[in-house]
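Taking it in order: structure first as structure tokens, then the write-up.
Order of the sequence lines fixes the chain letters, A, B, ..., with proteins taken first and strands second; residue numbering starts at 1 for each chain.
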Protein chains: 2
Amino acid sequence: MGNKQILDDKYFMLQALKEAYKAKNAMEIPIGAIIVKDYKIISRGFNKCITLSDPTAHAEIQAIKKAAKKLKNYRLNDCFMYVTIEPCAMCAGALVNARFKKVIFGAFNNKAGACKSVFRIISNKKLNHQVKIAGGNEKYLSIQCASIIKNFFRRKI
Amino acid sequence: MGNKQILDDKYFMLQALKEAYKAKNAMEIPIGAIIVKDYKIISRGFNKCITLSDPTAHAEIQAIKKAAKKLKNYRLNDCFMYVTIEPCAMCAGALVNARFKKVIFGAFNNKAGACKSVFRIISNKKLNHQVKIAGGNEKYLSIQCASIIKNFFRRKI
């Protein structure tokens, strides 16, 4: 992996973080996601569960729905997702169902993460499609991605 | 479990099957779901992935979004879902996130089921909420729920 790839990953994760700040401003748990195809951002999403009264309205699902509508295809082949936190089971399942190429997450989610932490849904060979994974360290802004959530809950207590 | 419970379960599963037929008529993989609260059906959904260009538009997700909007709450406490096929990882995760009380499915999904078959997401003690499970046998119309899908794919070949 050359320098360009690292720079691209950081740039795209910063864009996902920008979405997380939108969630924070809306008083939602601050998680953001973007979808990239051919090095272009094709959709963005942030957590809107409370705003929309919708338990499925995680950042990842918001971005997936928009991207599929845009591409007029329920399969998102060759797409990459950058998301600030390791996806939960619902979002990991959605990434597999949509046939994503790769998911890159910022920080681990030890309580509900379904890439590596609690379940291994993404890239599991028992399913008919495997999504590649990267994330969970400083190369992917893990500290910034975790901090925005920790600060959000600290202020709520 | 008395006779009344069995009759109720069959009645509600028949309603989920009715939704599956709507999917079949729309040329979608025929899966249907309903959500019940206080013995009343509060929402219905059928698979619309192709129609809506949306990989997240499984029957369960459609029904969950409608129910949450109706109750003006992103938590669906004390709700029951009846769904013709064992939910996949995405839908199982959504049921946990939404705090469902119980999911009752018709037939097992050996390729992607995330209640018992491939993953055990529903009612997993590693998560912060457990959803009860029933299903997968004739009491829950497993044969009818599986047949409609088998016939659908047979005609497509």
Less than 4.5 Å to any heavy atom of chain A: does that hold for the side chain of B/R120, its backbone, both, or neither? backbone
With chain A as the partner chain, list the residues of residues 107-117 of chain B whose heavy atoms fall under 4.5 Å from it, by residue number, and write 'none' if nothing qualifies. B/K111, B/A112
Checking B/C88 against chain A: side chain, backbone, both or neither under 4.5 Å from a heavy atom? side chain
Distance-minimising heavy-atom pair for A/K72 and B/S53: C-OG, 3.5 Å
For a quick test of reading the model, state the closest non-hydrogen atom pair linking A/G93 to B/A89 and the distance between them. CA-CB, 4.1 Å
Exceeds 12 heavy-atom contacts within 6.0 angstrom, atom CG of A/D38: no
Can A/I41 be reached from A/L141 by stepping across I, L, V, M, F, W or Y side chains whose heavy atoms are under 4.5 Å apart? yes
Please answer: with hydrophobic residues joined when any side-chain heavy atoms are less than 4.5 Å apart, are B/I64 and B/I42 in the same cluster? yes
Same hydrophobic cluster for A/L52 and B/M90, using side-chain heavy-atom links shorter than 4.5 Å among ILVMFWY? no
Are A/I61 and B/F100 connected, step by step, through hydrophobic side chains (Ile, Leu, Val, Met, Phe, Trp, Tyr) whose heavy atoms are closer than 4.5 Å? no
For B/K101, does the NZ atom have more than 12 heavy-atom neighbours from other residues, nucleotides or ligands under 6.0 Å away? no
Bottom line for B/A92: the part with an atom under 4.5 Å from chain A's heavy atoms is neither
Could you tell me which of A/A94, A/A57, A/A67, A/C91 has the largest number of non-hydrogen atom pairs under 4.5 Å with chain B? A/A94
Same apolar cluster (I L V M F W Y, side chains within < 4.5 Å links), B/I143/B/Y11: no
Given heavy-atom pairs under 4.5 angstrom as the criterion, report whether the side chain, backbone, both or neither of B/N73 touches chain A. backbone
Check whether any side-chain heavy atom of A/T56 sits under 4.5 Å from a side-chain heavy atom of B/T56, and report yes or no. no
Under 4.5 Å, counting heavy-atom pairs only, tell me which of B/L95, B/I121, B/N128, B/V96 racks up the most with chain A. B/I121
Give the minimum heavy-atom separation between A/Y74 and B/D54, together with the two atoms involved. CB-N, 3.7 Å
Of B/K65, B/H58, B/K126, the largest count of non-hydrogen pairs under 4.5 angstrom with chain A goes to B/K65
